[in-house]
Amino acid sequence: MSKHHTNQEVIQKMEHFCAYQERCHQEVIQKMRNMAMDSGNIDEIVVHLIQNNFLNEERFACSFARGKHRIKHWGNVRIVNELKVRNISQTNISIALKEIKSDEYFATFDALGERHWLSINEKNQLKKRKKFCDFMLRKGFESQLVYEKVKQLEND
């Protein structure tokens with residue numbers, strides 16, 4: 001059963017939705033589609049949200065990159081891929097990656113790498129190496145960094 005919403009009701013809901021947490025355009029549009037809004041109204045509301053600064057792709061991308069790196073310990077590769085899935089422009093992705101300072105990035109990478117290496121209970125060195133590399137690559141760290149780190153950890 002679909003309830004018919006007035007534009008004003010939807011605008012209020014979307015303002016609240018965007019104020020609660022940074023959103024990308026795709027999330028907002030999807031939410032309105034789920035409310036059975038027609039595309040003309042959706043476009044109108046998206047323009048309203050952008051003009052009133054409830055919706056800002058650059059701000060979303062920066063917040064997303066900072067959060068995923070600091071909280072989930074994702075690497076640049078995973079962050080870039082996730083932003084691309086959300087249709088964020090290459091310009092905004094580049095700006096977002098600058099939010100993560102390189103010393104912070106490498107500190108997170110080293111800490112996560114060392115913690116994970118010690119947590120792998122695997123006698124077979126090749127299997128241990130594969131588990132480590134798979135994990136770090138899934139987290140989105142650059143393959144060259146991961147392979148250098150695994151060599152360093154094996155030699156320690």
Side-chain angles (χ1 to χ4, degrees), residues 1-117 119-120 127 130-147 149-150:
M1 181 175 122
S2 72
K3 178 180 182 251
H4 185 72
H5 300 281
T6 67
N7 266 13
Q8 202 47 50
E9 285 175 333
V10 175
I11 286 173
Q12 278 186 320
K13 281 184 181 203
M14 291 297 105
E15 284 178 352
H16 184 268
F17 183 64
C18 295
Y20 174 71
Q21 178 185 319
E22 288 297 339
R23 307 284 180 180
C24 65
H25 294 188
Q26 187 180 316
E27 283 177 291
V28 172
I29 291 167
Q30 190 55 53
K31 178 125 176 120
M32 285 189 279
R33 282 195 184 127
N34 293 344
M35 295 166 85
M37 297 292 293
D38 64 75
S39 55
N41 288 345
I42 289 177
D43 293 344
E44 216 174 279
I45 293 170
V46 167
V47 167
H48 166 84
L49 293 171
I50 293 168
Q51 286 172 340
N52 291 285
N53 211 18
F54 283 99
L55 201 53
N56 181 324
E57 284 273 75
E58 182 183 321
R59 202 174 55 209
F60 166 79
C62 291
S63 165
F64 183 89
R66 276 192 314 270
K68 295 303 181 191
H69 177 70
R70 290 189 184 135
I71 297 161
K72 292 199 169 185
H73 307 301
W74 284 4
N76 286 345
V77 176
R78 175 111 185 238
I79 291 170
V80 167
N81 290 338
E82 294 288 336
L83 287 170
K84 281 180 180 171
V85 165
R86 289 165 174 77
N87 296 322
I88 305 298
S89 71
Q90 193 53 56
T91 311
N92 285 340
I93 291 175
S94 302
I95 293 168
L97 290 178
K98 290 185 184 122
E99 289 287 305
I100 304 167
K101 305 285 176 264
S102 63
D103 53 345
E104 181 189 346
Y105 186 77
F106 291 114
T108 301
F109 172 76
D110 282 333
L112 183 68
E114 285 167 30
R115 198 169 57 237
H116 190 67
W117 181 258
S119 76
I120 303 172
K127 283 183 181 173
K130 179 174 179 0
K131 283 181 180 181
F132 175 82
C133 291
D134 287 351
F135 174 81
M136 294 301 280
L137 292 171
R138 230 182 3 263
K139 280 286 190 180
F141 289 99
E142 294 78 354
S143 53
Q144 151 222 346
L145 277 180
V146 172
Y147 298 133
K149 186 72 180 169
V150 81

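Throughout, numbering of the chain's residues begins at 1 and tracks the sequence.
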Peer 1: Could you please spell out the steps behind the side chain to side chain contact (heavy atoms under 4.5 Å, CB included) verdict for Q30 and R33?
Peer 2: CA-CA 5 Å; Q30 190 55 53; R33 282 195 184 127; 4.1 Å; yes
Peer 1: Could E27 and R86 be called an ion pair, given the rule that one side-chain N must be under 4.0 Å from one carboxylate O?
Peer 2: no
Peer 1: Is any side-chain heavy atom of K84 closer than 4.5 Å to a side-chain heavy atom of Q90?
Peer 2: yes
Peer 1: Could you pull out the closest heavy-atom pair between K149 and F132, with the gap in Å?
Peer 2: CG-CZ, 4.0 Å
Peer 1: Write down the atom of A96, the atom of A61, and the distance for their closest heavy-atom approach.
Peer 2: CB-O, 3.3 Å
Peer 1: Taking all non-hydrogen atoms of both residues into account, name the closest pair between M32 and I45 and its distance.
Peer 2: SD-CG2, 3.7 Å
Peer 1: State, to 0.1 Å, how close H73 and L112 come at their nearest heavy-atom pair, and which atoms those are.
Peer 2: O-CD2, 3.9 Å
Peer 1: Output all residues satisfying side chain to side chain donor-acceptor pair (under 3.5 Å) with N87, sequence neighbours left out; order by chain, then residue number.
Peer 2: Q26
Peer 1: Any non-hydrogen side-chain atom of F106 less than 4.5 Å from a side-chain atom of L145?
Peer 2: yes
Peer 1: At their closest point, which heavy atom of A65 faces which heavy atom of I100, and how far apart are they?
Peer 2: O-CD1, 3.7 Å
Peer 1: If you round to the nearest 0.5 Å, how far is CD1 of I42 from CE of M35?
Peer 2: 10.0 Å
Peer 1: Compare every heavy atom of Y105 with every heavy atom of E142, then report the nearest pair and how far apart it is.
Peer 2: OE1-OH, 2.7 Å
Peer 1: Does the side chain of K139 come within less than 4.5 Å of H116's, by heavy atoms?
Peer 2: no
Peer 1: Counting C-beta onward and ignoring hydrogens, is there a side-chain heavy-atom pair between L55 and M14 closer than 4.5 Å?
Peer 2: no
Peer 1: Measuring from C18:SG to N53:CG, what's the distance to the nearest 0.5 Å?
Peer 2: 10.5 Å
Peer 1: What distance separates F17 CZ from K31 NZ, expressed to the nearest 0.5 Å?
Peer 2: 5.0 Å
Peer 1: With the threshold set at 4.0 Å, does a side-chain nitrogen-carboxylate oxygen contact exist between E104 and R70?
Peer 2: yes
Peer 1: Just so I know, are the side chains of I93 and F64 near enough to count as touching, which here means a heavy-atom distance under 4.5 Å?
Peer 2: no
Peer 1: I'd like to check M37 versus N7 (side-chain heavy atoms, cut-off strictly below 4.5 Å). Are they in contact?
Peer 2: yes
Peer 1: Between CG of N52 and CD of E15, what distance do you get to the nearest 0.5 Å?
Peer 2: 6.5 Å
Peer 1: Roughly how far, to the nearest 0.5 Å, is the NZ atom of K72 from the CD1 atom of I79?
Peer 2: 11.5 Å
Peer 1: Are L49 and V28 packed together at the side-chain level, in the sense that at least one heavy-atom pair is separated by less than 4.5 angstrom?
Peer 2: yes
Peer 1: Find the distance between CD1 (I88) and NE2 (H25) and round it off to the nearest 0.5 Å.
Peer 2: 7.5 Å
Peer 1: Is the distance between the ring centroids of F141 and F135 under 6.0 Å?
Peer 2: no
Peer 1: State, with a plain yes or no, whether a side-chain heavy atom of N41 is found less than 4.5 Å away from one of E44.
Peer 2: yes
